[in-house]
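To start, the structure itself, in structure tokens.
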Amino acid sequence: MFALRKVEKSDIRCIFDWANDPLAREMAIHPEPIPWKSHQAWFEQKLQDENCLFYILHEGENNLGSIRFDRKENNEYLISYSIDEKYRGKGLGNLILQKGIQKVVSQVTECSFVAYVLNSNQASSKLFLKNSFQKTGEEIIQNKLFFIYKRLITN
């Protein structure tokens, strides 16, 4: 049974490994490997940030991926997700996105979601379009083209 749970302090190494996965780095705004000390400080800050909703998708004892929602202005949530390389290509991106959005929507009455997707990341682009996101623009960040996907939800 697949479920989402809040990220815990003990997840620091798992999140670090996913963040430094070569494909994850390739698709990220900042492609450089993340040093452990930088990750530790970032991770502690995210755990304490009330504007950050951070979850792990798991099946029993197996951690499959993570999804993070960083609340910006006007209840807009910036999405970042990662699936463990062992579980990619099995539809878990779709599952983690749907379950994550359900978690956020259960806590707020009106919100929007935004995702920045590297133009070459066809899997993520398809994922967001499949989940009722609209491509609303493009932005050059760090000399790379990112597509911007948004979705508004009102209860």
Side-chain angles (χ1 to χ4, degrees), residues 1-21 23-30 34 38-118 121-137 139 141 146-155:
M1 169 94 110
F2 296 107
L4 282 187
R5 65 168 175 80
K6 284 188 173 184
V7 166
E8 303 166 351
K9 283 186 177 198
S10 61
D11 295 316
I12 189 168
R13 173 57 70 177
C14 182
I15 299 293
F16 176 75
D17 291 343
W18 288 337
N20 276 306
D21 172 82
L23 184 59
R25 295 290 6 113
E26 184 181 324
M27 299 299 163
I29 291 174
H30 301 284
I34 300 166
S38 297
H39 176 74
Q40 287 176 300
W42 172 88
F43 188 80
E44 284 298 320
Q45 184 269 328
K46 287 296 177 190
L47 286 182
Q48 296 176 25
D49 184 352
E50 63 186 30
N51 290 312
C52 177
L53 303 173
F54 203 175
Y55 304 103
I56 286 198
L57 178 69
H58 67 97
E59 184 178 35
E61 296 296 313
N62 295 323
N63 292 332
L64 310 173
S66 68
I67 190 163
R68 193 178 76 247
F69 299 90
D70 290 304
R71 184 172 43 196
K72 306 299 180 189
E73 296 176 7
N74 302 319
N75 270 352
E76 181 176 75
Y77 290 85
L78 177 63
I79 300 173
S80 178
Y81 78 98
S82 182
I83 302 297
D84 186 298
E85 70 174 331
K86 294 183 297 224
Y87 303 105
R88 290 182 189 143
K90 301 179 187 305
L92 295 179
N94 193 52
L95 184 66
I96 200 170
L97 181 62
Q98 289 177 359
K99 285 188 171 291
I101 287 173
Q102 288 171 358
K103 285 264 193 197
V104 175
V105 169
S106 72
Q107 299 174 45
V108 294
T109 54
E110 184 172 316
C111 61
S112 62
F113 298 94
V114 64
Y116 287 77
V117 178
L118 187 65
N121 189 345
Q122 294 179 354
S124 283
S125 287
K126 287 178 186 175
L127 172 69
F128 287 107
L129 290 171
K130 179 179 179 179
N131 282 279
S132 303
F133 281 71
Q134 304 295 317
K135 183 179 170 195
T136 60
E139 190 172 329
I141 306 171
F146 285 83
F147 297 148
I148 303 167
Y149 294 96
K150 291 188 178 185
R151 179 177 173 191
L152 174 66
I153 295 182
T154 56
N155 292 337

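Throughout, numbering of the chain's residues begins at 1 and tracks the sequence. All values below come from the heavy atoms of this structure, side chains included, with hydrogens, waters and symmetry mates left out.
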Note to self: Please report whether the ring centroid of F69 lies less than 6.0 Å from that of F113.
What the structure shows: yes
Checklist line | Ring center gap for F146 and Y116 short of 6.0 angstrom | finding: no
Would you indicate whether the side-chain heavy atoms of [Y] and [X] approach each other to under 4.5 Å?
X    : Y    : result
I96  : F2   : no
V114 : K72  : no
I148 : E139 : yes
E110 : N75  : no
K6   : Y55  : yes
K99  : L57  : yes
K46  : D70  : yes

Checklist line | Under 3.5 Å: donor-acceptor pair, side chain of H39, backbone of I12 | finding: yes
Margin query: Please check if the number of heavy atoms outside Q98 that lie under 6.0 Å from its CD is greater than 12.
Written below: yes
For the atom pair [atom1] ([X]) and [atom2] ([Y]), what is the distance rounded to the nearest 0.5 Å?
X    : Y    : atom1 : atom2 : value
F128 : L97  : CZ    : CG    : 5.5 Å
Y149 : S132 : OH    : OG    : 13.5 Å
R25  : I34  : CZ    : CD1   : 4.0 Å
R88  : L64  : CZ    : CG    : 12.5 Å
Q122 : L129 : CD    : CG    : 11.5 Å

Next item on the list: Give the minimum heavy-atom separation between C111 and V105, together with the two atoms involved.
Entry: SG-CG2, 4.3 Å
Margin query: Check D49 with R68, please: is the shortest side-chain N to carboxylate O separation under 4.0 Å?
Written below: no
Can I get a per-line list of side-chain donor-acceptor pairs under 3.5 Å for residues 76-84, giving both atom names and the distance, sequence neighbours left out?
unit_1	atom_1	unit_2	atom_2	d
Y81	OH	S124	OG	2.7
D84	OD1	K86	N	2.8
D84	OD2	W18	NE1	2.9

Note to self: Once side chain to side chain contact (heavy atoms under 4.5 Å, CB included) is applied, do any residues pair with E8, and if so which ones, sequence neighbours excluded?
What the structure shows: R5, S10, D11
